[in-house]
Enquirer: 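Shown below is the structure under consideration.
Remember, it's 1-based here, ligands and their atoms both numbered in the order they're listed.
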Amino acid sequence: MSPAAPPLPELGDVAAAMLDLGRELHLELSEAELADRFLTTLAGLFPHRRIALRVLDPRTREPARVYALGGELRPGLESDRVTIKESAVEKTRLKTAVAASARLRLGTRWDSPFSHVAAGYTVPLVASGELYGVLDLGYALGHDLSAVDEPLVLPVANQLALALRNQRLWRDAQGLRDFQTRLIGHANALIIGIDRSWRVTVCNRALLELTGCRRDEVVGQDLRDLLPDDQRPRLTPIIAAAMRGHTQDAVEAMIAARPRGRVRTVWSLAAIGADHGGGDRPTAEAVVAIGQDQTRLRELQDQVIQAERLATLGQLAAGVVHELNNPLTSISVYAEYLLRKAERAGTDAGDVEKLSRIGQSAQRILRFARELVQYAKPVGYEIDVVDLNAVVRQSLGFCEHLFDRGGIEVSLELDPALPPVPAIPGQLEQVLINLLTNAAHAVEGGGAVAVRTGAGPGQTVQVTVDDSGPGIAAEDRERIFEPFFTTKVDGKGTGLGLPIVKNIVEQHRGSIGVDRAPAGGARFVVTLPRQPA
Ligand code: ADP
């Protein structure tokens, strides 16, 4: 027995249902909720029909999402191509590119999405030429009401297409907004945005970190209240000009940075949504300012200048040492001569001692001067076969004054069988000098420094520098090799010593590790590959 003939809807019922539906729809509905509202409305208007909605994005290869009421669906429907009639493509003004997509097939017959339902039709859900899905209505055998239903289904399908389009646009806009928020949040530059009433609407993490402010201390405030008093008169007209659509570049502002005091920043200001109408009235929707902290740059420039001065000093010192060499040699030689003579003549023991001191001191100055020149000499770039023990001795000699002055006890344990390493000698010396200087600083005021060389794991050799200082706090371990990280106060540290060490060691294909020394202080271990036999 065939089922009863399905009732026919009236145009008025369709209009009333659409009005109800319109009231219920809002942008935050999920796709499933939206599909449910439409399918329930359609089922109310067109009972006893099979109804299926496939939501598609023909630009991507994603499978269709299928929602249906009544009737069993054909298996594999999600990934199957969708057939629509050529006449429907024309009627709905579907874009040719979309119509030619691999997900679609143009046909003349209905390709039923249901199992065992042979009569029905597909309505493409098109808005502004884009396809958002297809709606299928299927009829039981002998009850094909396509011709009567279709004109009444079309207005509902149109509204469904619009709702799907709005939802996708909404999702895209949300995605874009999240992306933009993340981009601004993580940008390295300082970013702040205000609306046309000067209220801060956005500001990023870099700005908050620099100023030490909380977000709620900035967002929502009038920007003019945040400007330092002494700069407000200069900056306000500049921002107002940006508001009128005139981009402002290279705007300098000193801003209060906690805890660094005032820092120099440079900004570019651009209007958003400006209609470029000119005139004096604000025309922009918003102004976005992007800034850079110049202090860091200035500090780096200062350091470069300082390094250049040191290099010049090195050259000067070389000249001075050269000049000193002859008189010092004379002092040393004549002191020696007079000493021998005084000893032979049985001169007063106190005077002999004084002559001996003169000779020793002259020798010491000579040695120190020669080492200074050696250190100041440009470092070579030639890889040599280097005796690490000799480098250690040489570097210790250079740092002797640091240890003597601090009353620091230095112990040395050099492995006499240490294999040589392929290295640039001047650079290895720099590694040792930096480590020894740090060790001396750590035990200032008394303590011990121990230097040891020996075989390392595999085909490597190691040099270890231990000290009995305070050691390195666990939270600083990761950071000590970062450029400009220093805990030394009063400008004693540059934070460049260890990064230079690490750089050199890595260029020598070695590694550097930091640990706790048995004496409680820091232990630095440099491991270098040995010279192949
Ligand atoms: P600087 O010595 O100029 O501060 P470095 O890069 O040589 O720069 O060292 C960075 C930081 O590592 C130091 O400020 C200090 O905090 C820590 N450090 C380095 N060597 C030692 C050590 N032997 N004992 C304790 N701390 C050390």
Enquirer: Between E31 and R65 (salt bridge meaning N to carboxylate O under 4.0 Å), is one present in this structure?
Expert: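 Looking at E31 and R65, the cut-off is met.
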Enquirer: Is it the side chain, the backbone, both or neither of D467 that has a heavy atom closer than 4.0 Å to ligand 1?
Expert: side chain
Enquirer: Under 4.0 Å between a side-chain nitrogen and a carboxylate oxygen: does that hold for D476 and R479?
Expert: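 No.
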Enquirer: Relative to the heavy atoms of F485, which atoms of ligand 1 are at a distance of less than 4.0 Å?
Expert: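 Per the distance check, 10 (C), 11 (C).
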Enquirer: In terms of atom number and element, which parts of ligand 1 are under 4.0 angstrom from non-hydrogen atoms of A522?
Expert: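 Per the distance check, 22 (C), 23 (N), 24 (N).
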Enquirer: If only side-chain N and O atoms count, and only distance matters, is there a donor-acceptor pair under 3.5 Å linking S268 with D249?
Expert: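 There is such a pair (donor and acceptor under 3.5 Å, judged by atom type) between the side chains of D249 and S268.
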Enquirer: Counting from 1, what ligand 1 atoms have a heavy atom of T486 closer than 4.0 Å?
Expert: 1 (P), 4 (O), 14 (O)
Enquirer: Is any N or O atom of I472, backbone or side chain, closer than 3.5 Å to an N or O atom of ligand 1?
Expert: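 By distance alone, the answer is no.
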Enquirer: Counting only heavy atoms not in R357, do more than 12 fall under 6.0 Å of its CZ?
Expert: no
Enquirer: Does only the side chain of F524 get under 4.0 Å from ligand 1, or the backbone, or both, or neither? Count heavy atoms.
Expert: side chain
Enquirer: Out of L435, T487, N438, who gets a non-hydrogen atom closest to atom 19 (C) of ligand 1?
Expert: N438
Enquirer: Hydrogens and angles aside, do S395 and E429 bring a side-chain donor and acceptor to less than 3.5 Å of each other?
Expert: no
Enquirer: If the contact criterion is a heavy-atom separation under 4.0 Å, does G469 count as touching ligand 1?
Expert: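 G469 does not count as a contact of ligand 1 under the 4.0 Å cut-off.
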Enquirer: Output all residues satisfying salt bridge (Lys or Arg N to Asp or Glu O under 4.0 Å) with D57, sequence neighbours left out; order by chain, then residue number.
Expert: R59, R168
Enquirer: Only pairs under 3.5 Å count here: list side-chain donor-acceptor contacts from residues 174-183, not counting sequence neighbours, and write none if there are none.
Expert:
from : atom 1 : to   : atom 2 : distance (Å)
Q174 : OE1    : R177 : NH2    : 3.4
T181 : OG1    : R177 : O      : 2.6

Enquirer: Less than 4.0 angstrom from a charged side-chain N to a carboxylate O is my criterion; do R264 and E252 meet it?
Expert: yes
Enquirer: Out of curiosity, is N434 lining ligand 1, as in a heavy atom under 4.0 Å away?
Expert: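 No, that is not the case, since the closest heavy atom of the residue is not under 4.0 Å from the ligand.
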Enquirer: With a 4.0 Å cut-off on heavy atoms, is G471 touching ligand 1?
Expert: yes
Enquirer: With a cut-off of 4.0 Å, which atoms of ligand 1 are near a heavy atom of P499?
Expert: 6 (O)
